[in-house]
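This report refers to the structure that appears directly beneath it.
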Amino acid sequence: MTKPASLETVMMPVNRANGLPNAHYIDPVIFAEERQSVLFANWAGVGFGKDIPEAGDAKPVDFLGVPLLLLRDQEGAVHVYQNTCRHRGMILVDAPRNIRGTLRCPYHSWCYSLQGQLRAAPHVGGVGQNTHPDIRMEDLGLVRFRAHVWQDVIFVNIDGRAAPFEEAHGALIARWREFAKPLFHGGADSSFQLEVRTNWKLAVENYCESYHLPWVHPGLNSYSRLEDHYNIEQPGAFSGQGTLVYRQLQGAGGEIFPDFEELSAQWDTGGEYVAVYPNVLLGVQRDHTFAIVLEPRDCETTVEHIALYYARPGAETPALEPLRQQNAQLWKTVFEEDIFVVEGMQKGRHGPMFDGGRFSPVMDGPTHGFHHWVATQIEAGRRA
Amino acid sequence: MTASGCSCFPGVSSVPGFSGVSGVPDDLAALEAALLAAHARRDCDALATLYAAAADRMERRGEIDATCFFLTQAFVFALEAGAERAAELNRRLVAYGRAWPLPAG
Ligand code: FES
Ligand SMILES: [Fe+2]
């Protein structure tokens with residue numbers, strides 16, 4: 001067992017702090033601790049509403065080894081269940097599919113409604129006998145996790161003890177209230193995944209800073225200069241960066257995406273890119289948004305699930321399909337440009353003398369804010 | 001399950017009135033073949049219909065345990081399909097004291 005390092009130096013002010021120690025990136029023991037104290041104890045992103053668009057759509061998700069079932073009921077509400085039958089613990093759904101009526105376990109056919117109630121336990125009292133005095137249907141519904149959908153991301157609090165989502169993320173909900181509008185996923189080409197050999201936290205850290213833009217994304221920076229960016233810092237909840245010079249993508253014929261309705265002038269050339277702790281990265285601009293759910297596969301592997309959204313449905317704006325594809329490609333290029341740094345930082349953390357690194361007191365506030373929050377969660381878990 | 005591999009009539013030999021595949025009437029053999037085919041293509045609407053037909057047959061013979069076995073099978077697949085007949089199948093089981101009434105809604 002690794003003796004946990006004190007995180008005191010991480011919690012110092014940014015100008016004197018060190019980053020999280022190497023073990024937080026390369027040690028499976030610390031990874032297991034973070035799984036509990038950071039990812040399960042807070043609202044973690046596990047998927048997107050667009051992955052279960054229709055009533056009855058069900059999608060199994062393995063979140064850090066926990067089998068989840070994302071399911072949309074007949075009223076359109078999203079539920080996140082433990083994908084485990086209450087009888088002998090069989091996995092209920094092994095591949096995405098639509099459930100027309102009830103969810104039938106493939107083993108002994110116990111049936112659950114989309115709201116999670118046990119509807120039938122066939123032959124439970126013997127052949128042809130579907131009741132037994134000791135089997136109370138109302139006690140044997142699917143285990144449900146607290147879930148909340150925001151910006152089409154499905155957030156889950158596995159340990160059930162976090163503050164309500166609206167409270168935990170009230171500041172960002174208020175900051176972006178103008179984007180509390182229907183979001184329309186751009187279609188198949190507007191979703192992609194990148195598998196990266198890095199600890200999930202490095203993807204967060206790289207996303208929330210603009211310091212690297214001129215070096216890693218020179219193309220992006222030609223129209224989005226470093227001095228046109230500002231830091232966004234909300235201790236304990238989120239951090240990131242904003243730009244003052246967001247420029248809409250234009251097609252060859254001058255076509256642009258329709259704006260979200262009733263945005264204030266701030267957003268004419270504004271864009272904001274925020275890491276919602278722990279593992280969701282969001283971006284908003286006048287004409288599209290995107291969301292990245294970081295799936296920590298293991299200590300040193302992360303899958304980035306990316307989805308782009310627009311103000312109008314694709315079916316309503318078929319002429320913009322090439323522009324949507326171009327936009328998705330543009331973002332994909334940007335995110336791919338980041339892979340070598342997050343993988344490189346991961347490799348760098350195998351250097352035993354690395355001390356967590358020092359921060360730029362001016363440029364790295366958002367990154368340090370994330371480190372500080374992670375350290376706080378871990379210390380809280382150690383006290384509990 | 002027997003080596004003859006009947007997956008539609010599990011426990012069939014324990015159902016009174018059923019002595020196994022041999023000795024059952026031809027049309028029941030045809031029913032069994034249809035059930036196997038429906039299982040193979042995971043057609044729960046057809047499964048509900050076919051099991052309900054088997055239940056009807058047993059009911060006419062006065063074989064209550066066998067009836068309730070098939071009604072249960074039919075009910076489960078009707079539930080899975082979201083078919084309206086699930087309510088009726090459930091009522092029949094309830095009448096035999098073999099199931100809880102479905103909750104409203
Ligand atoms: S394990 Fe699901 S019904 Fe038996
Ligand atoms: Fe970047």
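In the text below, chain A, chain B and the rest are named by the order of the sequence lines, each starting its count at 1. Every heavy atom of this structure was used, including side-chain atoms; hydrogens, water molecules and symmetry mates were not. None of the values given here were measured: they were computed from a predicted structure.
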TODO: Tabulate, in ascending numerical order, the residues of residues 84-97 of chain B having at least one heavy atom closer than 4.5 Å to a heavy atom of chain A, or enter 'none'.
DONE: B:L93, B:G97
Task: Side chain, backbone, both or neither of B:L102 within contact of chain A (heavy atoms, under 4.5 Å) - done: side chain
Open item on the list: Just checking A:E166: does its CD atom have more than 12 heavy atoms from other residues, nucleotides or ligands closer to it than 6.0 angstrom?
Closed with: yes
- [ ] Report, as yes or no, whether the 6.0 Å neighbourhood of atom CZ on B:R41 holds more than 12 heavy atoms from other residues, nucleotides or ligands.
- [x]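 More than 12 within 6.0 Å, yes.
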TODO: Measure the acute angle between the ring planes of A:W43 and A:F165, then classify it against the limits of 30° and 60° as parallel, tilted or perpendicular.
DONE: perpendicular
Open item on the list: Parallel, tilted or perpendicular, judged at 30° and 60°: which one describes the rings of B:H39 and B:Y51?
Closed with: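 If you compare the ring of B:H39 with that of B:Y51, the planes turn out perpendicular.
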Task: Check: B:L79 main-chain N/O paired with A:R119 side-chain donor or acceptor under 3.5 Å - done: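 Flag not set: sc A:R119 to bb B:L79 has no pair under 3.5 Å.
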TODO: Flag the pair A:E295 and A:R297 as a salt bridge only when some basic side-chain nitrogen lies within less than 4.0 angstrom of an acidic carboxylate oxygen.
DONE: yes
